[in-house]
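Just below is one structure, and these are the notes that go with it.
Note that the numbering runs from 1 along the sequence shown for the chain. These values consider heavy atoms only, across backbone and side chains, with no hydrogens, waters or symmetry-generated copies.
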Amino acid sequence: MKILITGGAGFIGGNFVHYILNKYPDYKILCLDKLTYAGNLETLKPVMDNPNFKFIKGDISDREFIYELFSEEKPDMVVNFAAESHVDRSIEDPGIFLKTNVIGTGVLMDACRKFGIKRYHQVSTDEVYGDLPLERPDLFFTEETPIHASSPYSASKASADLLVQAYYRTYKLPVTISRCSNNYGPYHFPEKLIPLIITRALADEELPVYGTGENVRDWLYVEDHCSAIDLILHKGREGEVYNIGGHNERTNLQVVKTILKELGKPESLIRFVADRPGHDRRYAIDPTKIHNELGWLPATTFDEGIKKTIKWYLDNREWWQHILSGEYKDYFNKMYGNRLAES
Ligand code: NAD
Ligand code: TYD
């Protein structure tokens, strides 16, 4: 089995590469990544010498390059993690989200049609469903919930999902789609909430919390996302969407306070800053379908997962300190400079 994993130098793709190489030592893994600001070869260092692993630098939206790659490598399956993934960046500059997330998905699927594929899997997000009201904790996203995206990021992911479903219906391309809730764990880029809070709290820096911190996210330990995709690839039904989530809802403020408590840092570091425009209120997944059909259940509770994640950031300072000292510094100052000054 030869699997092309795109976006494998990023957070979830990187974890998936490690997961698959561990679980299926005879599989061949090709990892394709453009190495944008979010791609990091240090994430793949432990597997670079594995004879079953090959890294290729390239862009999923570059048709000529992708066709050449497929013609040479003829993968059996594609798992597409490659994306621009940060909502705040999509609000600043939506164009690249359309190019990578929509056009890139189309190019990959065209290559699958041209050269043949056993399965194309699209890694999508619960954000395509929009948000749920805070005062209705009884509501959850199911696979039947209408698509209703809020940010340029989620709109680009929703567009890609529609394209994947159209390729199934029109060309009978053997596709599956997974829509997962917020992930956390090792190798998470420190622009996202959990690693941002851990790394800044460790340096006793101010912790920006948008609005009142009441927004709710449904957190899943990244390894549980990997095990779900693994099941969908091997046992999922073609043309189907599977929601992935473990009922771990927390307000942002609860998450920040939990991290501070674990680290023994004071809550006085918290700063309430100007809210994100269009900020989704609550995400919450109903995972009944993947549980009933494929027997998937998450293995890690939020309490265990956050401890493991904090330990990973304490044990792997070099990984994130390289990031913090690079281009990311300019991004942070541009995005947060005024907001923190005004808080
Ligand atoms: P990430 O930003 O950490 O990683 C994305 C990777 O894609 C990076 O390595 C980047 O270099 C690469 N990439 C970007 N543009 C590319 C291009 N044009 N060609 C090839 N590679 C390119 O993102 P992540 O958090 O690991 O998310 C991975 C996928 O999972 C995304 O599709 C995202 O929408 C989805 N997802 C993420 C979450 C989450 O909580 N992070 C939850 C649900 C779904
Ligand atoms: P994020 O990690 O960007 O994921 P997403 O927007 O895809 O859910 O943000 C998680 C939540 O944390 C979201 O409600 C926005 C909030 N947030 C902050 O309050 N402060 C921050 O500095 C960041 C990055 C996010």
- Task: Quick one: do D138 and R282 satisfy salt bridge (charged side-chain N to carboxylate O under 4.0 Å, His left out)? Show the steps, please.
- Result: CA-CA 12 Å; D138 55 314; R282 170 175 170 252; over 6 Å; no
- Query: Is there a donor-acceptor pair under 3.5 Å between the side chain of D224 and the backbone N or O of A299?
  - Reply: yes
- Contact summary for S150 and G130, nearest pair of heavy atoms: OG-CA, 3.9 Å
- Task: Decide yes or no on side-chain contact (heavy atoms from CB on, under 4.5 Å) for D59 and K99, but give the supporting numbers first.
- Result: CA-CA 10 Å; D59 186 333; K99 182 157 187 258; 4.1 Å; yes
- Query: If every non-hydrogen atom of F272 is compared with every non-hydrogen atom of T212, which pair is closest and at what distance?
  - Reply: CE2-O, 3.4 Å
- Task: Kindly determine whether T125 and Y283 satisfy side-chain contact (heavy atoms from CB on, under 4.5 Å), including the steps that lead there.
- Result: CA-CA 10 Å; T125 164; Y283 302 143; over 6 Å; no
- Check whether any side-chain heavy atom of I244 sits under 4.5 Å from a side-chain heavy atom of I285, and report yes or no. no
- Message: Contact between E318 and H322 at the side-chain level, heavy atoms closer than 4.5 Å - yes or no?
- Response: yes
- Message: Please check: side-chain N/O of H148 versus main-chain N/O of Y129, any donor-acceptor pairing under 3.5 Å?
- Response: no
- Note on the structure: Of K192, K157, E191, the one forming a side-chain hydrogen bond (donor to acceptor under 3.5 Å, both in side chains) with S85 is K192
- Query: Salt bridge between K334 and D330, side-chain N to carboxylate O under 4.0 Å?
  - Reply: no
- Message: I'd like to know if the side chain of E143 reaches the main chain of N243, judged simply by a donor and an acceptor atom lying under 3.5 Å from each other, with no hydrogens or angles considered.
- Response: yes
- Message: Working note: R271 + E206, criterion salt bridge (charged side-chain N to carboxylate O under 4.0 Å, His left out); need CA distance, chi angles, decisive distance, verdict.
- Response: CA-CA 6 Å; R271 296 285 176 277; E206 298 170 296; 3.0 Å; yes
- Message: If hydrophobic clusters are built by linking Ile, Leu, Val, Met, Phe, Trp and Tyr wherever their side-chain heavy atoms come under 4.5 Å apart, do V241 and L231 end up in the same one?
- Response: no
- Message: My understanding is that only residues two or more places apart in sequence, or in another chain, count here; which of them pass ring pair (Phe, Tyr, Trp, His ring centres under 6.0 Å) with F97?
- Response: none
- I259 vs T309 side-chain heavy atoms within contact, under 4.5 Å: no
- Positive for side-chain contact (heavy atoms from CB on, under 4.5 Å) with Y242, one of R179, E293, H291: E293
- Message: Under a plain distance cut-off of 3.5 Å, with no hydrogens placed, do K23 and S227 share a side-chain donor-acceptor pair?
- Response: no
- Message: Please verify the inter-ring angle class for W319 with W312; under 30° counts as parallel, over 60° as perpendicular, anything in between as tilted.
- Response: perpendicular
- Taking the side chain from N252 and the backbone from V209, do they hold a donor-acceptor pair closer than 3.5 Å? no
- Note on the structure: Looking only at heavy atoms, the pair that brings V222 and G185 closest together is CG1-CA, 4.1 Å
- Any donor-acceptor N/O pair, N183 side chain to S181 backbone, under 3.5 Å: yes
- Message: So L260 and I270, do their side chains get closer than 4.5 Å, heavy atoms only?
- Response: yes
- Note: K28-E73 ion pair, threshold 4.0 Å (strictly below): no
- Evaluate the criterion side-chain contact (heavy atoms from CB on, under 4.5 Å) for residue pair Q122 and M109; output intermediate values, then yes/no. CA-CA 10 Å; Q122 177 73 0; M109 288 193 298; over 6 Å; no
- Message: Looking at Y37, I'd like to know if the NZ or CZ of R89 sits under 6.0 Å from its six-membered ring centre while staying within 45 degrees of the ring's axis.
- Response: yes
- Examine distances only and state if a side-chain atom of T6 and a backbone atom of A82 form a donor-acceptor pair shorter than 3.5 Å. yes
- Item | Parallel, tilted or perpendicular, as decided by the 30° and 60° cut-offs, for the rings of Y171 and Y167 | perpendicular
- Task: Could you pull out the closest heavy-atom pair between P298 and G246, with the gap in Å?
- Result: CG-CA, 3.8 Å
- Message: Can you confirm if the NZ or CZ of K74 lies within 45° of the ring axis of F115 and under 6.0 Å from the centre of its six-membered ring?
- Response: no
- Query: For T176, which of H121, R237, E240 qualifies under side-chain hydrogen bond (donor to acceptor under 3.5 Å, both in side chains)?
  - Reply: H121
- Taking all non-hydrogen atoms of both residues, which atom of H225 and which atom of L220 are closest, and how far apart? N-CD2, 3.7 Å
- Item | Side-chain donor-acceptor pair present, Y120, N80, cut-off under 3.5 Å | yes
- Message: Using a 3.5 Å distance criterion without hydrogens, assess whether the side chain of D218 forms a donor-acceptor pair with backbone atoms of N248.
- Response: yes
- Indicate if V79 and I117 have the same hydrophobic cluster label, given that clusters are the connected sets of ILVMFWY residues with side-chain heavy-atom separations under 4.5 angstrom. no
- Should F70 and V78 count as side-chain neighbours, where that means a heavy-atom distance under 4.5 Å? yes
- Task: Group every Ile, Leu, Val, Met, Phe, Trp and Tyr by side-chain heavy-atom contacts under 4.5 Å, then state whether V87 and V256 land in the same group.
- Result: no
- Message: Less than 4.5 Å apart, side chain to side chain, heavy atoms only: is that true for L340 and P208?
- Response: yes
- With distance as the sole criterion, is a donor-acceptor pair present between the side chains of D286 and T288 under 3.5 Å? yes
- Item | Residues E84 and Y153: side-chain donor-acceptor under 3.5 angstrom | no
Give the table of side-chain donor-acceptor pairs shorter than 3.5 Å for residues 8-21, with sequence neighbours excluded, one pair per line with atom names and distance.
unit_1	atom_1	unit_2	atom_2	d
N15	ND2	F11	O	2.8
N15	ND2	P186	O	3.0
H18	NE2	T43	O	2.8

- For S61 and I103, work out which heavy atoms get closest and say how close. CB-CG2, 4.3 Å
- Task: Treat each ILVMFWY residue as a node, draw an edge where side-chain heavy atoms are under 4.5 Å apart, and state whether L202 and V255 are in one component.
- Result: yes
- Is a side-chain donor or acceptor of H234 paired with a backbone partner of D230 at a separation under 3.5 angstrom? yes
- Query: Is there side-chain contact between Y331 and H86, with heavy atoms separated by less than 4.5 Å?
  - Reply: yes
- Following the transitive rule for hydrophobic clusters with a side-chain heavy-atom cut-off under 4.5 Å over Ile, Leu, Val, Met, Phe, Trp and Tyr, establish whether L196 and L207 coincide in one cluster. yes
- Query: Where the side chain of R119 meets the backbone of D76, is there a donor-acceptor pair that is under 3.5 Å apart?
  - Reply: no
- Item | Sidechain N-carboxylate O distance under 4.0 Å for D62, K57 | no
- Query: Any idea how Y313 and W320 line up, ring-wise: parallel (<30°), tilted (30 to 60°), or perpendicular (>60°)?
  - Reply: tilted
- Query: Has the side chain of R339 got a donor or acceptor atom that lies under 3.5 Å from a matching backbone atom of Y210?
  - Reply: no
- Test salt bridge (charged side-chain N to carboxylate O under 4.0 Å, His left out) applied to K114 and D110, step by step: CA-CA 6 Å; K114 192 170 161 71; D110 283 339; over 6 Å; no
- Message: Quick one, Q165 with L162, criterion side-chain contact (heavy atoms from CB on, under 4.5 Å). Give me CA distance, side-chain angles, the key distance, then yes/no.
- Response: CA-CA 5 Å; Q165 288 174 317; L162 292 176; 4.1 Å; yes
